[in-house]
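First up is the structure itself, then whatever we jot down about it.
Since this is a predicted model, take the numbers as computed values, not measurements.
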Amino acid sequence: MLFDKAIVRTPGKSVVDGIDDYADAGKPSYEKAVAEHHAYVELLKKLGIAVTVLEPLEQFPDSCFVEDPAVVFDDFAVVTNPARSTRQKEREFIRPVLDQFFEHDQIFEITAPGTLEGGDVMPVDDDLIYVGLSARTNQAGIDQFAKIAACFGKTVKAVLVEQVLHLKTGTTYMGDNKLLVAGEYIDSPYFKDFDQLKVPVGEDYAVNCINTGNGVIMPAGFPGVHQLLAENGFKVYETDMSEFAKIDGGLTCLSLRFS
């Protein structure tokens, strides 16, 4: 097991008004989004994860993407500072949840002018974290996060994000030095020391996967990525993400994962 706890938030009816800066695929269906979210939670449970399900926050359309307003590790957590003003108050609702799992001196905050979103934070081992310098995460946010992480023996390396929303929209770490890569991160010098699993053209969305340690969860409908993961020794589970894709969301966005 790479983690045994997850925190998720059920989408509200307002999810149909979620931010769409990239997808341009129409508004999601609330009913279908809720069904997809339920299936996601059930799959996590099937793979041995204890899931804490939070109530919807109707005033925040994107609040089902709990990974952005917080970053969690086994020994500390960070309340981030999302770049978009419509998401910043989500911080006030995620902090009390973190208080249930972490001691007061294990929880930190990113403050203005720094911005940081969890979709840009990609741990690759016990002491190394890559963080995307993106439209949503700035250098001031990375600098603050690096100082926090250093207190727990972790090194932060910044990665420029130019073509996608977050770092983990273009790459996710699968463990055992294997890195799923798509688009701008294929053969990227940032990741030259990794075994790069190159996502086939046209399946870039499916680069955002979760390795639970008991199997990899991937978005349904991408046979090339499924085959790529299976050929590299992973047991693969698919789940439908069609509605969350419409508002620039991926699998990792929907949960906070830790032990």
Side-chain angles (χ1 to χ4, degrees), residues 3 5-70 72 82-94 96-97 100 117-119 136 164-166 168-169 172 202-212 214-226 236-257:
F3 60 93
K5 296 181 181 66
I7 298 169
V8 305
R9 187 181 296 282
T10 303
K13 293 182 175 66
S14 61
V15 71
V16 299
D17 296 316
I19 298 169
D20 170 18
D21 287 342
Y22 291 82
D24 193 26
K27 286 185 176 291
S29 157
Y30 164 67
E31 292 78 11
K32 193 170 181 181
V34 169
E36 289 180 0
H37 192 269
H38 178 74
Y40 176 89
V41 170
E42 291 306 304
L43 183 51
L44 285 172
K45 291 178 179 178
K46 176 181 176 180
L47 296 177
I49 313 303
V51 184
T52 299
V53 181
L54 308 178
E55 293 296 314
L57 293 176
E58 290 295 349
Q59 63 270 49
F60 303 114
D62 297 281
S63 57
C64 58
F65 300 131
V66 290
E67 187 182 54
D68 287 327
V72 296
R84 296 293 289 267
S85 59
T86 56
R87 301 206 62 189
Q88 287 177 348
K89 286 192 176 181
E90 291 178 34
R91 296 156 42 94
E92 299 172 13
F93 293 88
I94 202 67
V97 180
Q100 299 174 32
E117 296 189 359
R136 302 288 182 83
V164 291
L165 175 61
H166 289 131
K168 287 186 296 197
T169 316
T172 50
E203 296 197 6
D204 287 12
Y205 178 75
V207 74
N208 186 261
C209 295
I210 299 172
N211 186 8
T212 68
N214 282 342
V216 172
I217 303 174
M218 66 165 286
F222 299 92
V225 173
H226 190 128
V236 183
Y237 298 85
E238 295 192 10
T239 192
D240 195 352
M241 287 288 292
S242 66
E243 303 314 291
F244 299 106
K246 293 175 182 177
I247 49 174
D248 299 336
L251 281 166
T252 62
C253 308
L254 288 173
S255 59
L256 292 168
R257 301 166 301 279

Do the side-chain N and O atoms of [X] and [Y] include a donor-acceptor pair separated by under 3.5 angstrom?
| X | Y | answer |
| --- | --- | --- |
| E90 | S63 | no |
| T86 | R84 | no |
| E36 | S242 | yes |
| N208 | T172 | no |

Using side-chain heavy atoms (C-beta onward) and a distance below 4.5 Å, is [X] in contact with [Y]?
| X | Y | answer |
| --- | --- | --- |
| L251 | T239 | yes |
| T52 | V8 | no |
| D68 | R87 | yes |

Value rounded to 0.5 Å, distance of [atom1] in [X] from [atom2] in [Y]:
| X | Y | atom1 | atom2 | answer |
| --- | --- | --- | --- | --- |
| C209 | M218 | SG | CE | 5.5 Å |
| F3 | L47 | CZ | CG | 8.0 Å |
| L165 | C253 | CG | SG | 7.5 Å |
| F65 | E117 | CZ | CD | 11.5 Å |
| E67 | I94 | CD | CD1 | 11.0 Å |
| D62 | D17 | CG | CG | 9.5 Å |

Test salt bridge (charged side-chain N to carboxylate O under 4.0 Å, His left out) on K246 and E243; report intermediate values, then the result.
CA-CA 5 Å; K246 293 175 182 177; E243 303 314 291; 3.1 Å; yes

Let's go through V216 and N211 carefully: what are the C-alpha distance in whole Å and the side-chain angles of both, what is the deciding distance for side-chain contact (heavy atoms from CB on, under 4.5 Å) to 0.1 Å, and is it a yes or a no?
CA-CA 4 Å; V216 172; N211 186 8; 3.8 Å; yes

Taking every non-hydrogen atom, the tightest pair across [X] and [Y]:
| X | Y | value |
| --- | --- | --- |
| V15 | C64 | CG2-SG, 4.3 Å |
| G249 | M241 | O-CE, 4.2 Å |
| V41 | V51 | CG1-CG1, 3.9 Å |
| F222 | G202 | CE2-O, 4.5 Å |
| K5 | I49 | C-CG2, 3.7 Å |

Step by step, work out the side-chain contact (heavy atoms from CB on, under 4.5 Å) result for Y237 and H226.
CA-CA 9 Å; Y237 298 85; H226 190 128; over 6 Å; no

Is a side-chain donor or acceptor of [X] paired with a backbone partner of [Y] at a separation under 3.5 angstrom?
| X | Y | value |
| --- | --- | --- |
| S14 | E58 | yes |
| E203 | G224 | yes |
| S255 | R257 | no |
| H37 | R9 | yes |

Would you say the rings of F244 and Y40 are close, in the sense that their centroids are separated by under 6.0 Å?
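Not under 6.0 Å, so no.
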
Audit row: L54, T10, side-chain contact (heavy atoms from CB on, under 4.5 Å) steps and yes/no:
CA-CA 6 Å; L54 308 178; T10 303; over 6 Å; no

With a 4.0 Å cut-off, would you call E92 and K89 a salt bridge?
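No, no charged N to carboxylate O under 4.0 Å.
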
For I217 and L43, run side-chain contact (heavy atoms from CB on, under 4.5 Å): C-alpha distance rounded to whole Å, both residues' side-chain angles, the deciding distance at 0.1 Å, then the answer.
CA-CA 8 Å; I217 303 174; L43 183 51; 3.7 Å; yes

